[in-house]
**Q** 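First the structure, then my questions, so here it is.
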Amino acid sequence: MEIYQFLNSLAFILLLFIFLLLRKWKTQKLKLPPGPWKLPFIGSLHHLALAGPLPHHGLTNLAKRYGPLMYLQLGEVVMIVISSPRMAKEVLKTHDLVFATRPKLTYADIVHYNSTDVVFSPYGEYWRQIRKICTLELLSAKMVNNFVSSIRQDELSNMISSTRSMSDLPVNLTEKIIWFTSSVTCRSALGKICNEHQDKLIYLMKEILSLSIAVNLADFFPKWKLLHDLGGSKSRLLEVHGKVDEILEYVVNEHKQNRANGKKRNGELGSEDLIDVMLRVRESGELQLPITDDNIKAIILDMFSAGSETTSTTINWAFAEMMKNPNVLAKAQAEVRQSLKGKKDFQQIDLDELKYLKLVIKETLRMHPPVPIFVPRECMEETKIDGYDIPLKARVLVNAWAIGRDPESWDNPESFLPERFENSPIDFTGNHHQFIPFSSGRRMCPGMLFGLANVGQLLAQLLYHFDWKLPNGQSHQSLDMAESPGVSATRKDDLILIVTPYDS
């Protein structure tokens with residue numbers, strides 16, 4: 001028995017050695033971008049581990065040494081990291097089609113129903129179809145301004161009232177922001193049927209998002225099945241997603257039953273919610289590819305991720321930066337109050353009038369992009385960039401955080417200066433690659449309008465209705481702006497402020 005085990009172990013070691021030699025021989029034929037030294041089997045993974053708990057910081061520091069087009073061998077996976085506007089333009093515009101697909105990721109397969117949502121779906125006919133539905137039906141300017149607007153205003157009213165009741169007391173603004181964005185998204189997506197499940201669904205989605213930052217070794221070692229649930233993150237993700245699926249399954253079935261009984265508008269105020277829209281499109285018979293209930297649930301989960309987590313992160317950073325920079329806060333607040341002077345209905349805020357607040361939002365997105373490292377793309381054919389070979393199936397990461405702080409593109413990039421965007425043509429619509437908080441090209445975020453409307457409206461209301469100060473005599477210079485560990489780049493500490501209602 002011992003001899004048998006010894007021979008098995010020897011055979012395993014030999015096969016591993018041959019595999020590594022073949023892979024090394026194959027990659028040596030290519031002119032790969034520069035990158036850090038590698039260890040057997042794990043490649044460059046140790047460099048990420050040593051770089052600290054903030055991946056966008058660690059990759060930025062490595063790029064300072066090896067360049068804005070950097071090669072990493074992460075287990076069995078070739079990873080190319082982009083850290084400059086020029087290299088981002090190559091991937092997101094010049095060779096956009098080559099990098100338009102997504103790699104297979106454990107998180108997306110579990111949470112987004114085998115990657116059948118908009119964000120993680122592979123490039124092809126199915127992705128084009130659901131992207132079109134989302135762009136035209138779910139996230140259009142009409143949908144955002146009309147239907148979602150009524151829900152947003154109701155949640156704003158609730159938040160203003162609850163905050164006013166805490167006059168001159170410490171308020172955890174971070175928690176209130178998260179609840180606001182989650183509630184708007186939940187009510188928009190699931191309608192009235194969401195009400196009894198809203199609290200539980202929001203809690204579970206927060207847990208799923210926290211689990212998403214865990215590194216799953218299956219993504220770096222797809223052939224080594226024994227490593228795929230090391231640490232138990234995959235099992236935990238399956239468990240939590242199962243609970244989310246129970247709620248979504250119930251809500252979708254309720255919508256289907258209501259529609260069968262003639263009630264085709266299950267949203268608030270008698271309008272369609274997002275599930276109604278998806279079911280209507282499916283029933284139209286105009287789709288080239290069928291859409292299942294699981295596909296609908298996958299798309300709804302996209303709405304939660306973009307509409308709650310990333311939006312609340314942006315609002316939280318914007319307010320924290322204003323508290324850190326009192327002159328910015330004073331200027332933004334004066335503009336909002338001047339715009340609303342003489343108006344009694346707080347719903348009348350027109351964001352187009354608030355030019356300085358829009359500059360504040362832009363500067364927040366530059367310094368704190370809602371997704372600091374974009375979801376990886378996958379190379380669909382061997383390609384050359386800047387004279388280097390990008391292998392087939394290589395994964396490409398675009399470090400938006402590094403690009404937004406590139407000293408060659410921005411003067412004084414570590415300082416919060418909204419005025420830098422004054423009279424500047426640079427915008428976040430994907431055409432200026434030094435400023436791409438929502439990405440660019442085919443895979444650009446389709447939920448940009450939805451998120452920005454929530455960001456602008458909530459910031460304006462908070463600035464208009466209240467005066468804010470730091471607790472316990474804390475100075476603005478001492479406000480800690482550290483980020484929480486992980487890939488989402490949220491603030492490490494909740495924003496606790498003393499609130500005083502403003503008497504207009």
Side-chain angles (χ1 to χ4, degrees), residues 15-51 55-105 122-123 215 217-224 372-403 406 408 433 436 439-441 443 487:
L15 286 172
L16 176 61
F17 181 71
I18 293 170
F19 168 76
L20 292 172
L21 281 178
L22 288 173
R23 188 173 66 183
K24 184 177 180 180
W25 174 77
K26 183 178 180 180
T27 55
Q28 279 181 341
K29 294 192 300 180
L30 302 174
K31 184 184 178 183
L32 296 170
W37 59 277
K38 305 183 292 291
L39 289 172
F41 189 62
I42 66 169
S44 308
L45 278 172
H46 60 295
H47 289 286
L48 295 186
L50 293 172
H56 46 292
H57 287 245
L59 290 174
T60 300
N61 292 332
L62 282 173
K64 290 176 182 177
R65 182 179 301 179
Y66 298 103
L69 184 69
M70 180 171 62
Y71 161 72
L72 298 174
Q73 184 69 50
L74 304 180
E76 299 171 357
V77 173
V78 171
M79 189 76 77
I80 306 297
V81 182
I82 303 297
S83 304
S84 75
R86 186 170 70 88
M87 292 297 103
K89 185 177 181 180
E90 287 288 311
V91 169
L92 304 178
K93 183 176 181 180
T94 306
H95 300 286
D96 182 30
L97 180 57
V98 174
F99 298 103
T101 197
R102 300 290 194 200
K104 190 174 181 63
L105 299 173
Y123 183 74
V215 174
L217 291 176
D219 296 329
F220 298 139
F221 300 95
K223 297 175 183 176
W224 297 84
I373 301 176
F374 295 155
V375 176
R377 300 188 178 207
E378 187 173 82
C379 185
M380 293 193 287
E381 62 181 57
E382 190 175 305
T383 307
K384 275 194 179 293
I385 293 181
D386 206 34
Y388 293 103
D389 296 312
I390 310 300
L392 174 69
K393 296 288 186 182
R395 297 179 187 178
V396 178
L397 289 179
V398 177
N399 189 342
W401 187 89
I403 290 169
D406 180 10
E408 294 186 10
H433 289 87
I436 47 172
S439 191
S440 175
R443 303 302 297 229
V487 297

**Q** Distance check, rounded to the nearest 0.5 Å: Leu92 atom CG versus Phe374 atom CZ?
**A**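 With rounding to 0.5 Å, CG (Leu92) is 7.0 Å from CZ (Phe374).
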
**Q** If every non-hydrogen atom of Ala88 is compared with every non-hydrogen atom of Ile82, which pair is closest and at what distance?
**A** N-CG2, 3.3 Å

**Q** Output the distance between atom OG1 (Thr101) and atom CE (Met380), rounded to the nearest 0.5 Å.
**A** 5.5 Å

**Q** With sequence neighbours excluded, what pairs up with His57 under the ring pair (Phe, Tyr, Trp, His ring centres under 6.0 Å) test?
**A** Trp401

**Q** Can you check side-chain contact (heavy atoms from CB on, under 4.5 Å) on Val91 and Ile80, steps first, answer last?
**A** CA-CA 11 Å; Val91 169; Ile80 306 297; over 6 Å; no

**Q** Check the pair Ile436, Ile403 against side-chain contact (heavy atoms from CB on, under 4.5 Å), reporting the backbone distance first and the verdict last.
**A** CA-CA 8 Å; Ile436 47 172; Ile403 290 169; 4.1 Å; yes

**Q** In a table with atom names and distances, give each donor-acceptor pair under 3.5 Å that connects a side chain of residues 32-45 to protein atoms at least two apart or in another chain.
**A**
unit_1	atom_1	unit_2	atom_2	d
Ser44	OG	Gln73	N	3.3

**Q** Measuring from atom OG1 of Thr383 to atom CD1 of Ile390, what distance do you get when rounded to the nearest 0.5 angstrom?
**A**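 The CD1 atom of Ile390 is 7.5 Å from OG1 of Thr383, to the nearest 0.5 Å.
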
**Q** Kindly write out the residues that satisfy side-chain hydrogen bond (donor to acceptor under 3.5 Å, both in side chains) with Lys93, not counting sequence neighbours, or none if the list is empty.
**A**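 Lys93 satisfies side-chain hydrogen bond (donor to acceptor under 3.5 Å, both in side chains) with no residue once adjacent residues are dropped.
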
**Q** Could you grab the distance from atom OH of Tyr123 to atom CZ of Arg443, nearest 0.5 Å is fine?
**A**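 Atom-to-atom, Tyr123:OH and Arg443:CZ are 9.0 Å apart.
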
**Q** Is the backbone of His56 close enough, under 3.5 Å, to the side chain of Asn399 for a donor and an acceptor to pair up by distance?
**A** yes

**Q** Does the side chain of Ile373 reach to within under 4.5 Å of the side chain of Leu59, using non-hydrogen atoms?
**A**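 The answer is yes, as the side chains (C-beta and beyond) meet within the 4.5 Å cut-off.
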
**Q** May I have all residue pairs that pass salt bridge (charged side-chain N to carboxylate O under 4.0 Å, His left out) and include part of residues 81-90, sequence neighbours excluded?
**A** Arg86-Asp386

**Q** Is any side-chain heavy atom of Asp219 closer than 4.5 Å to a side-chain heavy atom of Arg395?
**A** yes

**Q** Taking salt bridge (charged side-chain N to carboxylate O under 4.0 Å, His left out) as the cut-off, I'd like each qualifying pair that reaches into residues 63-72, sequence neighbours left out, listed once.
**A** none

**Q** Working to the nearest 0.5 Å, report the span between CG of Asp389 and NZ of Lys31.
**A** 8.5 Å

**Q** Ring pair (Phe, Tyr, Trp, His ring centres under 6.0 Å) with Tyr66: which residues, sequence neighbours excluded?
**A** none

**Q** Shortest non-hydrogen contact from Arg102 to Glu378?
**A** C-CB, 4.0 Å

**Q** Quick one: pull up CZ in Arg377 and CG in Leu397 and give me the separation to the nearest 0.5 Å.
**A**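 Those atoms lie 11.5 Å apart.
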
**Q** Where do Ser440 and His433 land on the side-chain contact (heavy atoms from CB on, under 4.5 Å) test, with the steps shown first?
**A** CA-CA 8 Å; Ser440 175; His433 289 87; 3.3 Å; yes

**Q** Ile385 versus Met87: any side-chain heavy-atom pair under 4.5 Å?
**A**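 Yes, at least one pair of side-chain atoms sits under 4.5 Å.
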
